[in-house]
Each structure stands twice: as C-alpha cells, then as structure tokens.
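Written below as structure tokens is the structure these notes are about.
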Amino acid sequence: MPGSVPGGDTPPHRYNAALAAEIEARWQARWAADGIYETPNPSGQLASDQGAGGPKLFIMDMFPYPSGSGLHVGHPLGYIATDVYVRFKRMAGFNVLYTMGFDAFGLPAEEHARQTGQHPRTNTEANIDNMRRQLDRLGLGHDKRRGVATTDVDYYRWTQWIFLQIFNSWFDPEAGRARPISELVDQFSSGARQAPDGRSFHGLSEAEQRELVDGHRLAYVADAPVNWCPALGTVLANEEVTNQGRSERGNHEVFKRPLKQWMMRITAYADRLLEDLDRLDWPESVKTMQRNWIGRSEGAFITFPAAGSLKEPSSDLEVFTTRPDTLFGTTYMVLAPEHPLVEVLTADAWPSGTPDYWTGGAATPSEAVAAYRARASEMSDADRSESKSGVFLGAMALVPFTDSRVPVFIADYVLMGYGTGAVMGVPGEDQRDREFAEAFGLPVVRTVQPPDDHPEDLAYTGDGPSINSRFLDGLDVEGSKALILERLEEAGLGRPTVNYRMRDWLFSRQRYWGEPIPIVHDEHGPVALPEDQLPVELPELVDWAPRALARDSEPEPPLGRVTEWVETDLDLGGGVRRYRRELNTMPQWAGSCWYYLRYLDPRNDGCLVDPDVERYWMADPEPEGVGGVDLYVGGVEHAVLHLLYARFWHKVLYDLGHVSGPEPFKRLVNQGYIQAYAFKDGRGIYVPADEVEGSLQAGFTHEGQPVTRELGKMGKSLKNSVTPDDMYASYGADTLRLYEMFMGPIDQDRPWETRSVIGSQRVLQRVWRNILDEETGELRVTDDGADDELLRLLHRTIDGVRSDMEGMRFNTAIAKLTELNNELTRRGSGAPRQVADAMVRMLAPLVPHFAEELWHLLHGDGAASVAQTGFPEADPALLVTDTVEVPVQVNGKVRGRVTLAADAGEEAAVSAALAEPNVAAHVGGRELRKQLYVPGRMIALVV
RNA sequence: GCGGACGUGGCGGAAUCAGGCAGACGCGCUGGGUUUAGGUCCCAGUACCCACCAGGGUGUGGGGGUUCGAAUCCCCCCGUCCGCACCA
C-alpha cells in the first residue's frame, strides 16, 4: 500500500491516500452544505435570486442502471470526463446543468425479486443507494436536486403522459409530422378525408370508427409475429434480438409468435430520423449504424400475375426490387417460406417434367412445402447461409409485358420481414439469385451488358446499357429504371416506392417492473385514460413464484394476477362503466427516452417541463441548429436502441409543440472502454487477476502454475475487476480521476494498469511539495514575481491547457501541467505565488478536492471555492517571443539549430544558418540550389 | 462479403486537425542518492545501431508517389478492432 505505511518516516504533511481521504471527505461535505454545484433555472422552482449567469450549457452522461454488483474502475470513466469538462466550463463562465439519475426499471430487479420474494422497489432502492455512495466518493459536481429515477412515481407519471401524447397522435404524411388524433377525427367527420372503402365516416359503426382511427395512431395494438422469449417470460423488440436469433440479454432462445402487442410507429419518422443525422455532431460510426438500421432503399413494387395451377385467379404476386430495370431478366420467383400466398399458390400436383431436385423428394407440392417449412424453422440463421435451398410450389407467374411464365419457389434466402417477402429472381444481375439459379438449373439472362473482363459465372451489378430488355435496350440503368417504372405505372403493374429495413417498435413487455401503460380496454379496444388519472401506479404484487417458462408457453403479463386491479370502474365520459386495464408494461427504453427533459425541471407537477425552462436549456442559439443537450457522453452500445428511440420520442414531442427543437442530443461522444488483463490456467478457467504473479518476460503464474494472459472487458466473468473503492483506499479519488483522464483520449479503449496509477499520485505529490513543506505544512510559495522565462512557460501552459480542455484532450492537458510543475521542481525553491495560484486553478477541474485544499491554503479559509473562480487566461503578449530557435535542414535532414529574432526575414535566417558550423560543414561550400524559411518553424537549404 | 476506425519505443500514449526538430507526459527498466532494511521519496539515463567525444546512420505495419521536407497528404498491399451481413 504505497503511502500508507504506518509508523514509517513519511513526512507528516505528505500528500498520500490517508491525507487525500481526509481532504476529500471534508470538501465534499462543505460543497454539499454550500450547494455550490446547484445550477439555477431562469424561472420556476429552481430559479435563483442572483439569476442564471453566463451562457447556458447542458452536459449529460448516459444514466446508469443501478446494478447490484457494484462498480469497477471502467464505469466512471465517462462520468469523470464530463465532470472535468463541466468544471472547466463553469470556471470559464458558463451556467452548466450537470446531474445524474438512474434508469431503474428492468429485468435484474425483477429476477432478484423472484428469487428472494423481496419487492423489486426495495432491491432497486438499495442498489441506487450503494451506487450513489460509490459515485459520490469521486466528487462529481452534480446538481443533486435534479437527479431522478425512472421508477419514481412522480417520474413515470410523465412517462405515461408522453405515452398518451403518442397514442393520441397520428402521422400526417402530407405535413410530414405528427398531429393530434382529434384533427384526424375532424377530417373524417367533416368528409375532408374519406374512409378507405369510400364509405362515410358517419355510416360506420362505433367499432368500425374506432378501428379506423386506432389504425392511424402512433401507438397502436397490432397482431403481428413477435419475438417471444420464454426464458425471459417476455416478448422483445427486434433491436433486442441478436443476429443469431437469441436474446441480447442472457442469450436465450427466441421464437416468432403472432401476438397482440403495442407498437410505436417509428417507421413514420424513418426519413426524418435519417435526414437529421446530417445535422448532428455525432461520431460517424454511430451515424452509420443508425443509417444501416433504418436501411432506406429506393425501389419499386412490381406485380406479377400468377399463371397456371391457380386456386384463386386473383392471387397476384407483388415483389419489392431496387432494380426494376432488370425485370426482363426474371427467370423465376421466390417467396419467403412464411408468405401468406404460399397456401394459395401451392399446386395439387407436380406439373409434368418437374425435376426431382425441385420437389425436395416429396410426392406433392403441399408435402414439399410443409417439409421445407419445418426444416427451415429448425435451422439457425448461420446454417441457412451455408447454401441456397428451396422448393418449387408447382405454380407459375407471368413476367409483365411478356408471355414468359416463370416457376415460383419458396426459399429461406427470402425474408418475410423485408419488402413484400417475395422477390423476382434475376440471376444475371444479382449474385444471390445467381447462386439459387445454379442450384436449381434455372436459366440466366443478362439485362445489362457487362464489361469484357467481367467473369461469365458472376452476376453483374454495375452500370451499362440494357440488353435483352425490349424497349429498354440501349438505355443505362438510370434511364431504364425511369422508363420501366413509367410503363409499369401505365399498366397498373408497379410503382416506385421507398422501403425501410427498420420496423415499427414493439413496445409492450410481459413484465411487472416497468411503467404501466395508461390504457384501459372496452369491447371495441383500447381507451386512453385522461391525464388527470395519471399516474397509473404499479399495484403491489406479492406472488413472485416463478412460472413455468417452457418453450411452448404463452406470454402472461404478471399484472394479470392482480385481479382486483385488472377490472376497474371508471367514468370516462359516458357514465361509470367497467373497463379492463392494460396488463403489459413499457420496455426499459421508455424511461430513458426523455429523462434529459426532466432534469431541467424535476419537481414540476404541472407539466413534464416548464416551456420557459425547456427553451432556456434546449433551444439552439443558432437559427439552423437542432438544439438539445450540448454534450452527451456514453457507451457506443447504445448507438441504435436508446439513441434512436429517444430521437423518435423527441420528434413527436417537437411536432406536438412540447419541446423547442427537433433533436434531443446535439453532440455525442462515445467514451472508450477500460479493458483489463485476464488470466487463464491450464484448464482454460479464469483465475483471479490480482493473485497472478510474474511478468511478460518471465511468464505469469497463479499459485505456482503457469497461466496465459489476454486482454478483455473488465468484469466478474473474467475475474479481472478493479474497484474504485480499492483505488480510493490506496490513492484517493483525485489520483484515480487524474489517472483515468491521463490514460489516453476519451474515446479510445485502453488497458487498465494498476501499477501505473502511482505515477499520477507522484505528480500530485510534486505539486503539493512545490507549494507546501511536507515536514512543517508551511506554505513554500514566494511573493517574488516569476522571472520572465517562467512567466512565459506559465502562459504557454495556460494557453495549451485551455485549448486541450476545450477539446476534451485531458491527457495532454495533464502532460502540460506536469511539465510546468516539473520546471518548478527543477528550480528547487518554492513556487512564485502567481504561478502556484494559476496552476491550482488549472488543476481544479481534474482534481477538485486537491485543488480546493491548496486554494484555501493559499487564500485563507474564508475564500470562495476554487470552482467559483475563473479559469486562468493567457496573456497574448507572453505567448510571443523575441527570439526563436529554429532547426536547419540541409537536403531534408536536420543539421543544426540557430536562434533568430522572431521577426527575422529569410535572408537573415539563411545567413545565420550558414554560420552554424555543422550546417556549414554539410553545405560544404556548395552553391545553394534552394533556400526557404518558414518563420519560426524551419530553415530548409538544398545544395 | 460490405461499411467504418486504426497501426508510432518494453507498455499507455504525444506530435496527425493546418506537412516543418518524431517519441511530450507517465509507467516500466538501468544506475546513483536518502533509509537499519524493504517500500516511499529524490536525481540521472532510457527508440535502435556505430562512436571516447564531436557526430553519423537507421527508424512511425510494408511498398510506391507528391514535396526542399511526409508519422501527417495520395495510391496499392498487410494486419488489428468495431458495426452490418442472403435487406432483393
């Protein structure tokens, strides 16, 4: 334990873990008592008598889930970074809103409840307390009054309120935005908008009217195939299912199951979610992930009349394609195995001449289809991609504008969830179709002339003149697309369309520990509760007994067990009636979709946020700006889910006039992960990393046995966690903060090395010693002014640290401060007061307790907090120098340095360079072919 | 396969935005000092090779190019990490 040796000869006033602990506790208590991190609102309950000074800034971390297992040193990395930045900005004169809440609904608390019988709220609150304790020790400058937990009834009341806003809205495609559902009802009612089948709205029954209107809502109930995860006892959003078809949480099996579920119409916002990405200051990787997730592609729907072996003559096939120009290269069609037309199209018997390998060896098409479907449902997605498979339906389809009849197959390379679940097979122009055609002996017709060097056996996807395409021949891809679409539209057989990979957001969960959905049901469907009946509080639920979570079980919302709660008598307008409550709860993402808004006005019980307060913090100063949180820091794992859902909700609230800008998060930074070495023994079992001995050269051992080293995520499973509590005990919170910020750029992953932490403590010890005598505790600062050289170094440091802090390059800011302090150390005497003063203020954002202690030693106990002083400003006059030392290159190699007047011209610079002996030796009297002087940077000579 | 990011000492990283002294700062390591000892703390050295020094040569994954000058800009290749992945 460095610095904590008892009874040694450690000087009594050395800065070590014990002293740090005392300083940190003392200042944290004082800061809390003085409320120095409380940020005023412009009006309302959190306004200040002094008013809100300086330009506003809203800085946020992604709020954590209060896990029961505690923190490791990787967790606070982002929090420390935002805290340093916030403190810097406050000292630079900004009114900064900075706080933290908890995303506290979720599965783990409910699982814990099932195991222990303890109410999830008890467990959740205990976890929050523990996490607060660990985080408070870091000295983060949060405005504690503003922290919220999504599980607070006063909070989820507003989550439910937002749900009602969404439920009570529809997306008007002409206006391109959400509007109140009442305006849609008015349109139907007045006849301005026709019901789809041309009937008058007033001619519809109540049930029909409700169904029509409900079908337009942004939150709606749909009977759709959903991801049912029996092991978790709930359905999951597409976003929560991995590519392997398993649950992201826990890696459990997930099954497709048709169910009535709440959906959110996020697809209506697909284009706006895509377009506005261009206006955000976000990492390019995150924008790319969102673009890929939305998956916009322009193409066309084309109708292929079914031909032959028809049970129903009208069962035409509609496909989606991005390449309508290749229509005449269609030599077959494929439906997804689950496609609803499969039953209709499947022939009674194989047409004569059907090859055996088209039948899957079955006696009839129906048997082949049944067998293929059964096989496909058992195969994992990974197995599927191995090779192309499928079976013939015995049916044919007609290619538009031709007499060409092509066979119809089902195959699992066509997905029901994308486009129409049916494709036209064009093996000449699509490599997947090519592979299928080869497997099934289907003809290949090229419709675009490939270049001469294009391999014969590959599809050609590039541009070129159309061939074998009738009236398209000779046109390029672009021209062919335009003409074929024109002809298809004339013929009523096709139209341009935009297709998205993104689907609507599946919003309901069969869980207890989530926000109740504020809906009741009557015989016609869902009815919104009026706002004055919010919150709908979670009923107490005592029955935590686990249910059988068998593979073939049905989703069962736990709230259904609270029978006296389920049935409720309400007067929603037409007198008291009996309603049945909605039993599903919201997904964990709901609470995190809008918490940044509640930070602004956490105690307001009249609205979710006061409009005046919202505008102050969220409106963009630039007229073209998107507004929102000025800086949002969090892990890249939320690139799609949380950040997409929050943007969607924010846009709905924007359309309805509740917020002032279209985007919630103007600037996003992803902090890197802290990795740690993990060690495996000979059996491949991880051993506790802190018990391993040895080195890379000598080899690593655990209890005498050799172990192998690898780098991985810090955590329990790799037995390589290091906790902040360990670091507080060994070094103190300020050293931990300094080390984490010094390790590297904020957005980069980096390996944790406990043995390196000592370096950051040494830096602080040396600063301490330059200001204070370790033996006596007396100040060592001198009242002599700093000499010119030191003063210039100080101001260069201020200039550099300021711009590094501004750019969140804390590692280089720390390096510059270390250099300044090393210079003081080199000089040996005490630091001149003005230098000590500036250095302490520059350190204050990084090591707030340490700096506060020194600040008060320098200025007396009655002084204001260093956090409330200004950040030092560089004197421009001290940044320019009279003379500069410039390297001299001869033929591209540095051969010497000369000192020049700062304003020296090229001739003076070159003659000074030639006078330098080593330069002269390399020039060797030869004639200069070229000379140039980049003022202050470089003299280059060419001979 | 497609898309993105990246590649610098034994290690983390700096210089990359704007081409201009590569290796700031820290860890580790080596030597020395303090200390009864270990640890702590302090001082010096530390890219590689040659050299007593002065100095010279090589060097930023590899190859090529632009330039007086390239870690930085351009092209090709190799490698690592991340995301997507039969999306019609």
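All figures in this text were calculated on a predicted structure; none of them were measured in a lab. Every chain is numbered from 1, with letters handed out A, B, ... down the list of sequences.
Among B/G10, B/C86, B/G26, the nucleotide with an atom closest to any side-chain atom of A/Arg755 is B/G10. Of the candidates B/G26, B/C86, B/G55, the closest approach to any side-chain atom of A/Lys388 belongs to B/C86. Of the candidate nucleotides B/A88, B/C21, B/G20, B/A88 has the atom lying nearest to any side-chain atom of A/Asp430. Comparing B/G20, B/C41, B/G26 against the side chain of A/Ala940 picks out B/G20 as the nearest. Minimum atom distance to the side chain of A/Phe742 is reached by B/G12, of the listed B/G4, B/G28, B/G12. Side-chain proximity of A/Pro745 to the nucleotides B/A88, B/A14, B/C11 is greatest for B/A14. Comparing B/A88, B/C42, B/G13 by their nearest atom to the side chain of A/Arg750 picks out B/G13. Closest contact between the side chain of A/Asn918 and the listed nucleotides B/C41, B/G56, B/A88 involves B/G56.
Listed pair A/Arg501 / B/A88 fails the phosphate criterion, with no side-chain N or O lying under 4.0 Å from OP1 or OP2. Using a 4.0 Å cut-off, no side-chain N or O of A/His922 falls inside it from OP1 or OP2 of B/G55. Between B/C11 and A/Ser756, no contact under 4.0 Å exists linking OP1 or OP2 to a side-chain N or O. Here A/Arg895 reaches the OP1 or OP2 of B/G57: one of its side-chain N or O atoms lies under 4.0 Å away. Taking side-chain N and O atoms only, A/Asn670 has no distance below 4.0 Å to OP1 or OP2 of B/C82. Between A/Gln889 and B/C21 there is no side-chain N or O to OP1 or OP2 distance below 4.0 Å. The shortest distance between the side-chain N/O atoms of A/Arg291 and the OP1/OP2 oxygens of B/C84 is not below 4.0 Å. Put simply, A/Arg809 has no side-chain N or O that comes within less than 4.0 Å of OP1 or OP2 on B/G13. Contact between the side-chain N/O atoms of A/Arg762 and the OP1/OP2 oxygens of B/C25 is not found at any separation under 4.0 Å.
Ring centers of A/Phe440 and A/Tyr332: at least 6.0 Å apart, outside the cut-off. Ring to ring, A/Tyr500 and A/Trp293 are not that close: their centroids are 6.0 angstrom or more apart.
Between the side chains of A/Ser297 and A/Asn499, no donor N or O sits under 3.5 Å from an acceptor N or O. No donor-acceptor contact under 3.5 angstrom links the side chains of A/Tyr739 and A/Glu753, judged on distance only.
Using atom P as the reference point in both B/C73 and B/A14, the two lie 15 Å apart (nearest Å). Only the C1' atoms considered, B/G61 is 7 Å distant from B/C78, to the nearest whole Å. Taking the P atoms as reference points, B/C6 lies 23 Å from B/G10, given to the whole Å. Between B/C21 and B/C76, the distance separating the two P atoms is 28 Å to the nearest Å. Comparing B/A22 with B/C48, their C1' atoms sit 14 Å apart, to the nearest whole Å. The C1' atoms of B/C74 and B/U67 are separated by 12 Å, rounded to the nearest whole Å. With both ends at atom P, the span from B/A24 to B/A44 equals 15 Å, rounded to whole Å. Spacing of P atoms, B/U72 relative to B/G7, comes out at 11 Å, to the nearest Å.
The separation between A/Asn16 atom CG and B/C41 atom P is 10 Å, rounded to whole Å. What separates CG of A/Leu335 from C1' of B/A88 is a distance of 13 Å, to the nearest Å. Taking atom CG of A/Leu19 as the reference point, atom C1' of B/U40 lies 15 Å away to the nearest angstrom. As rounded to whole Å, 15 Å separates atom C1' of B/C86 from atom CZ of A/Phe320. The CE-P distance, from A/Met289 to B/C81, rounds to 17 Å in whole Å. Remark: C1' of B/G13 and CD of A/Glu753 are 12 Å apart, rounded to the nearest angstrom. Here the C1' atom of nucleotide B/C86 and the OH atom of A/Tyr413 are 8 Å apart, to the nearest Å. What separates CE of A/Met416 from P of B/C86 is a distance of 17 Å, to the nearest Å.
Using cut-offs of 30° and 60° on the angle between ring planes, the pair A/Phe850 and A/Trp768 is tilted.
Pair assignment for B/G39 gives none, since no Watson-Crick or G-U wobble pairing has each distance under 3.5 Å. Nucleotide B/C2 has B/G83 as its partner under the Watson-Crick or G-U criteria, with both atom distances under 3.5 Å. Across every strand in view, B/U46 sits in a pair with B/G28 that passes the Watson-Crick or G-U test at under 3.5 angstrom. Pairing partner, B/U60: none, since no Watson-Crick or wobble contact has both distances short of 3.5 Å. Of all nucleotides present, none satisfies the Watson-Crick or G-U wobble test against B/U34 with each distance under 3.5 Å.
Residue A/Met743 is the one, among A/Val942 and A/Met743, whose nearest nucleotide of RNA chain B lies closer to the 5' end (criterion: closest heavy atom). Nearest-nucleotide positions on RNA chain B for A/Asn891 and A/Ser285 put A/Ser285 closer to the 5' end.
A/Lys816 and A/Glu819 are not joined by a salt bridge, as no carboxylate oxygen comes within less than 4.0 angstrom of a charged side-chain nitrogen.
Taking the O4'-C1'-N9-C4 or O4'-C1'-N1-C2 dihedral as appropriate, B/G9 has a value within 90° of 0 and is therefore syn.
Using a 4.0 Å heavy-atom criterion, one finds that A/Val934 contacts the bases of the nucleic acid, with or without backbone contacts as well. Using a 4.0 Å heavy-atom cutoff across all strands shown, A/Ser760 reaches no nucleic acid atom at all. Residue A/Asp749 is classed as a sugar-phosphate contact, given heavy-atom separations below 4.0 Å to backbone atoms only.
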I would like to know whether A/Glu775 and A/His13 meet side-chain contact (heavy atoms from CB on, under 4.5 Å); could you show each step before the answer? CA-CA 6 Å; A/Glu775 297 295 339; A/His13 297 276; over 6 Å; no
Would you please test A/Glu284 and A/Arg291 for salt bridge (charged side-chain N to carboxylate O under 4.0 Å, His left out) and show each step? CA-CA 10 Å; A/Glu284 206 47 50; A/Arg291 287 190 189 108; 3.3 Å; yes
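Side-chain atoms of A/Gln748 stay outside donor-acceptor range of the base of B/G13, with no qualifying N/O pair under 3.5 Å.
Of the residues in residues 811-827 of chain A, those placing a heavy atom less than 4.0 Å from an atom of RNA chain B are A/Asn811, A/Thr812, A/Ala815, A/Thr818, A/Glu819, A/Asn822, A/Thr825, in numerical order.
Put simply, the side chain of A/Asp316 never gets that close to the backbone of A/Thr303: no donor and acceptor are under 3.5 Å apart.
Put simply, the side chain of A/Leu846 does not reach to within 4.5 Å of the side chain of A/Phe742, judged on heavy atoms.
A/Gln761 pairs with exactly one of A/Thr735, A/Leu736, A/Leu738 by the side chain to side chain contact (heavy atoms under 4.5 Å, CB included) rule, that one being A/Thr735. Evaluated for a side chain to side chain contact (heavy atoms under 4.5 Å, CB included) with A/Val84, the options A/Arg737, A/Met808, A/Glu740 yield exactly one hit, A/Arg737.
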